[in-house]
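Since the structure comes first, as structure tokens, the remarks are kept for the end.
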Amino acid sequence: MKHAIARWLSQAIAQIPDCGEDVRGLTAQLERTRDAAHGDFATNWALVAAPRAGRKPRELAEVLVRHLPAHPLVAAVTIAGPGFVNIRLEPDAYHQALRELLAAGERYGQIDFGQGQRVLLEFVSANPTGPLHVGHGRGAAYGASLANVLRTAGYRVECEYYINDAGRQMDILAASVWLRYLELCGETLTFPANGYRGDYLLPIAHDLLAQAGMTLRHPAAAVFAGLPPDEPDGGDRERYIDALVARTRELLGEAGYARVFNAGLDSILSDIRDDLAEFGVTYDRWYSERSLAMSGALEGTLQTLRESPHTEMRDGALWFRATAFGDEKDRVVVRENGAPTYFASDIAYHLDKYRRGFDRLIDIWGADHHGYVPRVKAALTALGEEADRLSVLLIQFAILYRGKEKVSMSTRAGEFVTLRELRAEVGNDAARFFYVLRSHEQHLDFDLELAKSQSADNPVYYVQYAHARVCSVFGQLAERGASFDAAAADLAQLTSPHETALLVALSRYPETIEAAARQCAPHHLAHYLRDLAQDFHAYYNAQTFLVPDAGLRNARLCLIAAARQVLRNGLGVLGVSAPERM
RNA sequence: GCGCCUGUAGCUCAACCGGACAGAGCAUCGGCCUUCUAAGCCGAGGGUUGCAGGUUCGAUUCCUGCCAGGCGCGCCA
């Protein structure tokens, strides 16, 4: 609907004589009016164009109005205020839109904004060193909802999870798994301060013991002999854990080490995968960091960097001159000891993404990684790629509350930490909805009590209840032995304020999808659905739908059937169920 | 110290590329179930958009400077 009006306007503007190209080329900004007295839509074209045309805004507005041809949907065009052009639609415009909505069904809201552009969306990508926590949950809900929003808006989206399965943290995990295994074998040992201490390693160690038996066992004395002191003994926890990792490798040999390493990785990764799948978050591809090394992509990238004028050897390490591309500091890509940094893998990974032919790359990162953005973009620029094709969306932290009380996020307190626990307590629907209720760049206060409450306070139930209520009305209709006949509906009778409000709200759905896609902001959709539910509930309380007059009854049923459709479509995009009864 | 983000009603947050009178929910107060689900509805009060300037027809939005909070500043990932 908005599209049609916008096209009509820009065509008229292009026809206006006595204006420069720059003025005619200005696309009209078309907005919904805030105040019904201003009609349905308003454009500020005359105000924006006036300075460039060297004419007064109101005068320009008059010229525009004179050049607007008649339009079947438009009832009146008026000039108001400093030079707004207000457009009032024919009531029938909304009735037509309602018919189109019902005909489109689950496709209603699918628009061509993205024009089939290919987008690669990478999100969560948490290190597979432990279960996902509530912070990852927000990234998961946001990423999955954004993927759906973009798909609905006409993009071809692929979702990807980058598995950080290389590097020091994974070695520490492997060593931690092995120590737990040794404990099960009967060895007595002191767990390292910097090891992974979580209980989730215990079943992994158990499985390892069940499958490998004692073949990986070494006496604790041999494991710890000659290691530097750990932190509790006045030593350095980092140096200690690195020595322990080296010892683990040495004693287990390549095959044994790989076995322990993979036991940890596979188990944790499949847990993450299941957790996300249960949360309605699925990926087209799980991309392994290790595969970059194995395929030679990493070495290839390093070679290109070495040969480029943008790196230099300094203190035995290979440095990338990031400062030449606007970063604060130069960055190491290959350490003095010959090992590539995480940054090196990340350059290779992003380069690979670019080469896979996407029009646009989107990375969703935790806000604590924001300092990392300039160096990645710098590296891509240095390697001749357009850094602008990559958008890094930073997602702020979620803070859990139980009522007024902040929930401690520390593992030790035994409070909520994992996404799995959160889902178990509040349910997937509430979790998905709450996570995307706020703008991603805003800190999120997540109230567990509210998310669980089955009341009007809870926006999830509020929206779902609207859907269930429509279903219930149709149930009643069937019980009374009547049926719904859209063709018999006399839509012209939908004239009450509640009906008008609902009609307008329904017509706004495609625009909401567009706004959410343009701004990568699924929260617009969540807010829209709440507003739509509100319009429906108000209507429900004010008027009876199942009236004797068949024309009116079917018209009202058309309207609420449309509301149900949009609620279902919108909730689907957010990954929230639309129950038929509650 | 430097860099990025955020300051909007008592609380949590919206405000589409700079638009018309800054909007919701919660909380507070007052009403509505013999009637399609009260997990609902109706009404009321509540604001110097952190502060001070600037840009212009117009600023919550853009610019500058302060103040407050968060995050980041590793040959970690």
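In what follows, every chain begins at residue 1, and chains take the letters A, B, ... in the order their sequences are listed. Model, not experiment: these values are computed from the prediction.
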Reading RNA chain B from 5' onward, which residue's closest nucleotide shows up sooner: A:Gly81 or A:Asp330? A:Gly81

Base, sugar-phosphate, or nothing: which does A:Ala542 touch, judged by heavy atoms less than 4.0 Å apart? nothing

Nearest-Å distance, CD1 (A:Ile347) to C1' (B:C75)? 14 Å

Counting only distance, no hydrogens or angles, is the base of B:C71 paired donor-acceptor with the side chain of A:His370 under 3.5 Å? yes

Does A:His369 get its side chain close enough to the base of B:G72, under 3.5 Å, for a donor-acceptor pair? no

Establish, for the pair A:Arg331 and A:Tyr372, whether the NZ or CZ atom is under 6.0 angstrom from the six-membered ring centre and no further than 45 degrees off its axis. no

Let me know the distance between OH of A:Tyr540 and P of B:A39, rounded to the nearest Å. 10 Å

Dot-bracket notation for RNA chain B, counting Watson-Crick and G-U pairs under 3.5 Å, with | for partners on another strand: (((((((..((((.....[...)))).(((((.......))))).....(((((..]....))))))))))))....

When we call it a touch if two heavy atoms are under 4.0 Å apart, what does A:Glu31 touch: a base, just sugar-phosphate, or nothing? base

Answer with base, sugar-phosphate or nothing: what part of the nucleic acid does A:Gln396 contact at a heavy-atom distance below 4.0 Å? sugar-phosphate

Looking at A:Asp330 and A:Arg321, is there a salt bridge between them, counting it only when a charged N and a carboxylate O are closer than 4.0 Å? no

Verify the neighbour count for atom CD of A:Glu580: are there more than 12 heavy atoms of other residues, nucleotides or ligands below 6.0 Å? no

Would you call A:Glu425 and A:Arg402 a salt bridge, using N to O less than 4.0 angstrom? yes

Starting at CZ of A:Arg335 and ending at P of B:C75, how long is that distance when rounded to a whole Å? 10 Å

Looking only at side-chain N and O atoms, does A:Gln442 come under 4.0 Å of OP1 or OP2 in B:A14? yes

